[in-house]
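Some notes on the structure that comes next.
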Amino acid sequence: KVVKMMELEDYLDMLIGREQDGEGLPKHARKRVTIAVQLVTLPKILFCDEPTTGLGTSSANIVMRALRRVTDKLNLITVITIHQPSKHIWDTFDDLLLLVKGGNTAYSGPMGEQSQEVIRYFSKLSDGKEPSSNSNPADYILSVVADMDPSTVAEAYQNSNLNKKNLARIESEVAREEETSQGSKAMDQVKKQVRKSRNFFKEVALLTKRHFWTQWRNPSFSIMRLLSSCLVSLYMAILFRGDKSEISGAVSSIGAIFFLVFILVIPMQSSVVHLIEDRAVMYREVTSGFYRRLAYGLGQLLSDLPFHALNAAFMFVMFYFIVGFQKGKEHIGYFVLLTFAANWVIMSLGQFYALALPNEESANGLAGLSVILSVIFMGFLITVSAMPSYWEWAYWTNLLHYLIQGYCTNELADRNYTLFLPSDILPANSTAAIFFPEEVDVATNRVARQAAAFTDLALRAGPNPNPNYDWNSSGIVALADLLGCWIENDCLEENPPWIGIITCSIFSFPRPPVCGDEFDFAGEVINVSNVLDCLEPLLPENVTLPSLPFSEAKNEITVESFERASDLEKLGVVLCLLRELLPSGLVSDVEDAVEEAIAELKRAIQELIELVTGLIGIIVDIFENGLQIPGELILLVFGWAEFEPGEGLSAPWKWWYCMFSVAMFIAGLEILKLGALQFVVWTKR
């Protein structure tokens, strides 16, 4: 009925659109839609403030014709403010209230047929001057008033018979107050029946649909929100992708999660502008009785859920597998669920600012400030253990803290990361603190200094892949004589020490090596078959190793072949020889004929050798295969894991602590939003 009276049949099911973007209905149709929306609630009086402003002549006539029609058919009192109306528009009015400067009344009363009464009144003020037959009465009246002093015009009306008649009519209406009251009560009863017929759930359903399509048809909000999340997620995933098995992978995972939380904050401030624009419409429609504020809030909440789910799905696809996170079902499910909850809670936070604060500037300013403070106190840049005690409350009440802890725990817990140590991490005298007491100054004690250098070379040599299990006590004596010769002749004092070992044991020119005999004896006693292969980098190219005994092979080394070998090859020669000469296995079986005391001594020596070689094996294994660091240890640094005696490290809080806390934030913010909708009203943006 209202659509027909306002002549809107041609615009049914059309998008109203955003006027500033040049889309949707023409301007005169927008004005009629606005008026029609108000007529649905059956008002007694309809106020229209300049309904023809911005319209051309034909469009203004369409709007005024529709207002005239609904006024007659709905028996309304329609009050319209208008400036310089055309003659056609002027003729649609029944009464005129003309105000002059200062807000004083210049005329208030009926216009009469073809405006005869109002013209007659103003012709008396102008000493009988009347308008021409084809002129606009509005222009005539304005010209009369413009030629007079405003106070004179107002005083003339105060003393006129028209003013006296109006006062008498007012008194008469007051006398009929009871009758008028009964009519008012009847009208109120009709409005109550109309409002009573409304269904709350239908209001929520309609508002949910309206909010959804409003967001979908606003690309600057909905489409850009999805695109920004997708593109930034993809960019971050490519930036932080890589092998997550090493400790650097753990660091990149934490960095990716840190910036992922920032991506989630992007839509928050954009929601402020969108909601503040819609807030003014909500105030007007709620005041007019179209729906309840609670229905508006629930409709907005429900309409946002599909966008939260879509955004979470896009972020998961664009980020999770590319960056290389864990592929377990629980890990994937937790990430998707937390991302959905994070989109929801952060968007709700921005909407709360929009509803509780007066304008965009204050809402966006507080949103930006809260993000900065949340990042500072989220426990990543400054751990909670490093915070002053009087700031810990900011950590425990911080939304981003629970988000980043949940993401990091989901990715790092139950996972080991390998830490590879650099090959040159041990300096030349790194073993000094282990093998010598504090009172021995290794820097000034030549024996201790060389012993430390030898131990470092032994550690770097590592275990023999083809161990010689015939290594026995005779080998210990031979090796001790060789090491004693090296120290006595300061062979290990050279820099680097492996050059001194070669020049003292294998090759020296023009004099023979000072420890050559001890070196030959150690090789023969230990009976190492592969020791010849170690000398190959120092030998001339025409020498065939298997054809020479060990003691003669080293004599084939020439000055040219020695100088041709690089320092790295010479180091390889020494490390190879040490692997062959040093003990790599167990002490040989003890013969039954050996006395029990000697057997006990040998078992003690065996245990000592096993201990030392085992320690060397562990150290070498760390250097070759890396140190395994559990992800819980990294979480412990941030205070996101715990250590229980007998149980070890654990990080059990991602579900009942992090996810539950985010859910509590969502519930709290939704309650605050509904409270702001119900009790906070801002009349200006």
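Scope of the values below: all heavy atoms of this structure, side chains included, with no hydrogens, waters or symmetry mates. Quantities reported herein were computed from a predicted structural model and do not represent experimental measurements.
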> Around L381, counting heavy atoms of other residues, nucleotides and ligands shown, do more than 12 lie under 6.0 Å from its CG?
Replying inline: yes
> Any donor and acceptor pair, going by atom type alone, linking the side chain of Q326 with main-chain N or O of H331 inside 3.5 Å?
Replying inline: no
> Taking the side chain from R293 and the backbone from L677, do they hold a donor-acceptor pair closer than 3.5 Å?
Replying inline: yes
>> Looking at G379, is its backbone amide N or carbonyl O close enough to the side chain of T383 to form a donor-acceptor pair, meaning the two atoms are under 3.5 Å apart?
In response: no
> So, N410 side chain and G406 main chain: donor-acceptor pair closer than 3.5 Å or not?
Replying inline: no
> Hey, does S650 have a side-chain heavy atom less than 4.5 Å from the side chain of E632?
Replying inline: no
> Do Q405 and H401 have side-chain atoms, one donor and one acceptor, less than 3.5 Å apart?
Replying inline: yes
> Regarding K654 and the six-membered ring of Y334, is the cationic atom NZ or CZ under 6.0 Å from the ring centre and inside 45° of its axis?
Replying inline: yes
> Counting only N and O atoms by type, is there a donor-acceptor contact under 3.5 Å from the side chain of K244 to the main-chain atoms of E411?
Replying inline: no
>> Regarding Y417 and S248, do their side chains bring together a donor and an acceptor under 3.5 Å, going by distance alone?
In response: no
> Looking only at heavy atoms, which two atoms of L674 and L298 are closest? And how far apart?
Replying inline: CD2-N, 4.4 Å
> Do you know which two heavy atoms are closest between F290 and E203, and how far apart they sit?
Replying inline: O-OE2, 4.2 Å
>> Using a 3.5 Å distance criterion without hydrogens, assess whether the side chain of E285 forms a donor-acceptor pair with backbone atoms of M282.
In response: no
>> If only side-chain N and O atoms count, and only distance matters, is there a donor-acceptor pair under 3.5 Å linking Y283 with D278?
In response: no
>> Students often mix this up, so state it plainly: with edges at 30° and 60°, are the rings of F340 and H308 parallel, tilted or perpendicular?
In response: perpendicular
> So F262 and F258, would you call those rings parallel, tilted or perpendicular, with 30° and 60° as cut-offs?
Replying inline: perpendicular
> Can you name the closest pair of heavy atoms from P630 and N416 and give their distance?
Replying inline: CA-OD1, 3.3 Å
>> A quick test of your reading: do over 12 heavy atoms of other residues, nucleotides or ligands sit less than 6.0 Å from CH2 of W393?
In response: no
> Do L301 and H211 come close enough that some side-chain heavy atom pair is under 4.5 Å?
Replying inline: no
> Distance-only, no hydrogens or angles: does the E360 side chain make a donor-acceptor pair with backbone N or O of I276 under 3.5 Å?
Replying inline: no
